[in-house]
Amino acid sequence: MSQARLAPGVVPGRLTPHELAMNFADVAPPLTDHEARVAADRCYFCHDAPCITACPTSIDIPLFIRQIATGTPDAAAMTIFHANILGGMCARVCPTENLCEGACVRMDAEGDPVEIGALQRYATDGLMAQDGHPFRRAAPTGKRVAVVGAGPAGLACAHRLAAKGHDVTIFEARPKPGGLNEYGIASYKAVGGFAQAEVDWILGIGGIELRHNQRLGHEITLEMLRADYDAVFLGMGLGGVNALRAEGEERRNVLDAVSFIRDLRQASDLTTLPVGRDVVVIGGGMTAVDAAVQARLLGAENVTIVYRRDQSQMGASRHEQDHATASGVRIICNAAPVKVHGNGTVVEVEFAYTATDPDGGLHLTDDRFRLKADQLFRAIGQRLDGVPQELALDGAKIGVAGPGRTSIPGVWAGGDCAAGGDDLTVTAVAQGRDAAEDIDAHLTGRPVEIPG
Amino acid sequence: MADLRSNFIGIKSPNPFWLASAPPTDKEYNVRRAFQAGWGGVVWKTLGAEGPPVVNVNGPRYGVIHGPDRRVLGINNIELITDRPLDVNLREIKSVKRDYPDRALVISLMVPCDEQSWRDILARIEDTGADGVELNFGCPHGMSERGMGSAVGQVPEYIEMVTRWVKQYSRMPCIVKLTPNITDVRKPAEAAMRGGADAVSLINTINSITSVDLDLFAPEPTIDGKGAHGGYCGPAVKPIALNMVAEIARNPATYGLPISGIGGVTTWRDAAEFMALGAGTVQVCTAAMTYGFKVVQEMISGLRDYLDSHDMAMSDLIGRAVPNVTDWNQLNLNYVTKARIDQDLCIKCGRCYAACEDTSHQAIAMKPGRVFEVIEEECVACNLCLDVCPVENCIDMRELAVGEMDLRTGIRRGTYANWTTHPNNPMAVKAAE
């Protein structure tokens, strides 16, 4: 047992290297050939299948499963990639129980869906492990497109544009591509450097130049891009983090969950990564769950998620919530932080229980409680940061019409920075892809080719 | 509790479940294990004439058709008759029969098609204590090329001739095993009866190639790059076997000829179906080869349970469905049904819709919310929707009452009338004035 296991404060090395390796192994190991065949046999090949409708990228799921069942997993992978070039990552991070698997008719039949996510991973892993890139570019069009952000939306957009013969330059603010795939998801969901491998594989199509440390509003401006390129796609995600607006929020060890997740993903040695003994996470989405579960896996003794509304309204799926509680995370609902106590460093967080107003709003009650905390994570959402002023917004995001058209001609947007999505990788992929089709149609007059 | 004891042409067994002449009954060790597991009888794997035994291939003997999760649906084999010396087999048969006097032990035979060969082999098996003989006129591969097996079974005159010899030179009950590799199974059955057979058993295996290796471009099982057709058996052949059993059972010329049913019997239910079509016993091979000998225990408990729940004796079951097997032209054309979908059971997969819309009569509507409903005006009652529905009992066929309007034809359901009197039939028989 590690000596630091029960040490107070925020310290590294609570668990042994072996324990950490076990904790951060692949959360859902890949199917073997036999398991895949058995799982594939369960698909009913539904007419106008509900799983396809439930998939934001409209992957032809019954077809690819039938292709697996008949011993052609590479053909299955191509069915997936034609609709969703990030099908490999989506197979790992999609909340399938809310999407394809939730719509599977076997849920009605026996409450146990076809394992679509696992089958998708089986097919895509197999093809991606092979040499080369399976798509070929169309004849060069001579058109140049700028893509801002190398996250799921930007990559999907860039790949589709490159496939159609356009030359693409991606401007990425961070030192590594991948966006939230690289920086924003729990590391046990995409082990083995999968996010980077996937980016490399996507870029394998050719015709895509990736430039790093290029921030919109700093090294580059929308004006410059519009002048230098035939079209611009904005997929830079949400750079800002919402504040708690609780007293004492500035105390030490009050951190953004996204930073914690990012640091964890980038850490080369998890034994050096500090974590509290008593950790509190505020929020109810995937980020809150990813931060809380990973704090536990790093060795935090007590981890509590506190969410201000009812559990049914949590952004994290039921599966994610169950994963959290099974990992030893406690979830408290209907409570909001009012004060961060401590002397320079957080020691306790004070919460008030909330009540719902008739109009759906929340108010704090006088019923209060405190949680011991030497580390507090904010996970109450991200916001758009540094958006060019000339773009019209829709609420707090870039306003778009149809397939990602912004208020400025020649500028498209998609992914988390654009209005209308639901902050999922798969939605970002769909938006990037559809914007690429629209850009291509705009630049060449060719018809769009969108599956589904 | 239902009595499963069987007396089939004088051969007694504690239950009607016999192992067919096949690899599982090739030697004493296997047969003892089978009897210990509870099998009522065995037909010992086919013995050949005195002399050097046959030689089997040393590569794979079986090809298989798999269903989901590698469930064995059908097996093809290219194994020959026993490749062990005759005297060894005879010694073992005698030993087993002595220890299991209550079980049926029938010897399968196949020797060249001449009187002396049959006379000789019958003399050799006389003192084994076996209960009867089964003439293998069915094996479709290897032996048939040498003028035996199905080469005999495909010529009714040969069947009659050999059967006559057997009855002449042996007092044992004689079962003639028929090949399905013919056009009309009634003819060989009639020939066996004319020759004096006490019973027929069927079906033997069906000529088959189970699959082709798409890298070697050779049939499977592949022996050094080549393949020969084998004999197909298992659940996949059951429908063919049931029909052939029924054809013999309802044929006036062979009516009452005892039948041992063979072909894909896997569960008690399969066995009961063969019996309902006239089989006095059933013979099993593939199910035992797939799951081992213990399957007989499910067959025994299942058949007993069925008979008890229907308050029937086994003799009530045997042949009970035969009167209901008829020719198409006797079917009631005024019997009208309509598919009906139970919306509470429906899981909204839409397979009924795809099947009906693409390949049938466009008689299922797909409504908002994936609600599937039968359009009675279009439904011809083919029941394909029911067949492809993955949920048992979700779709059923509702029978219209006599006098009820058929919305498709606009005609009220009438009383029984068949094709023989139908106005569209140019050969229609006029009803008596």
Side-chain angles (χ1 to χ4, degrees), chain A residues 31-55 58-76 96-116 118-119 122-123 452, chain B residues 63-73 210-217 220 235 339 341-375 378 384-395:
Chain A
L31 299 179
T32 63
D33 290 345
H34 175 73
E35 288 168 336
R37 292 290 275 271
V38 173
D41 274 331
R42 294 186 66 235
C43 175
Y44 284 140
F45 206 74
C46 294
H47 171 76
D48 188 15
C51 53
I52 305 178
T53 309
C55 175
S58 303
I59 294 171
D60 192 335
I61 294 163
L63 178 60
F64 94 67
I65 292 179
R66 188 174 167 83
Q67 288 167 322
I68 292 173
T70 55
T72 53
D74 290 350
T96 52
E97 70 278 18
N98 293 346
L99 300 172
C100 52
E101 291 179 14
C104 178
V105 300
R106 283 210 183 249
M107 287 299 290
D108 267 357
E110 67 242 16
D112 187 15
V114 174
E115 295 176 81
I116 299 168
L119 286 165
Y122 171 80
Chain B
V64 68
I65 294 294
H66 284 129
D69 204 8
R70 288 179 68 80
R71 181 178 290 259
V72 172
L73 299 184
T210 40
S211 54
V212 176
D213 186 313
L214 289 177
D215 295 312
L216 295 174
F217 300 99
E220 290 181 349
I341 301 171
D342 183 333
Q343 297 299 336
D344 291 335
L345 290 177
C346 177
I347 61 171
K348 307 187 188 307
C349 68
R351 278 166 60 154
C352 58
Y353 176 83
C356 193
E357 193 71 10
D358 285 355
T359 70
S360 296
H361 299 84
Q362 297 77 48
I364 293 179
M366 181 173 175
K367 298 191 167 172
R370 299 183 68 80
V371 174
F372 298 93
E373 286 177 0
V374 174
I375 304 166
E378 304 295 338
L384 181 62
C385 54
L386 185 159
D387 296 333
V388 302
C389 177
V391 180
E392 206 174 351
N393 301 324
C394 176
I395 304 179

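Residue numbers begin at 1 in each chain, while the letters A, B, ... track the order of the sequences. All of these numbers come straight from a predicted model, not from anything done at the bench. Atom set for the values below is all heavy atoms of this structure, side chains included, hydrogens, waters and symmetry mates excluded.
Taking 4.5 Å as the limit, some side-chain heavy atom of A:H47 sits within range of a side-chain heavy atom of B:M366.
Among residues 342-349 of chain B, the residues having any heavy atom closer than 4.5 Å to a heavy atom of chain A are, in sequence order, B:C346, B:I347, B:K348, B:C349.
Remark: A:T53 OG1 to B:R370 CZ distance equals 6.5 Å, nearest 0.5 Å.
Between the side chain of A:R37 and the main chain of B:R70, no donor-acceptor pair closer than 3.5 Å is present.
Remark: A:E115 CD is loosely packed, at most 12 non-hydrogen atoms of other residues, nucleotides or ligands lying under 6.0 Å away.
Proximity to chain B (any heavy atom under 4.5 Å) is restricted, for A:D41, to the side chain, taken from C-beta onward.
Among residue pairs with one or both ends in residues 61-71 of chain A, those qualifying as side-chain hydrogen bond (donor to acceptor under 3.5 Å, both in side chains) are A:Q67-A:T79; sequence neighbours excluded.
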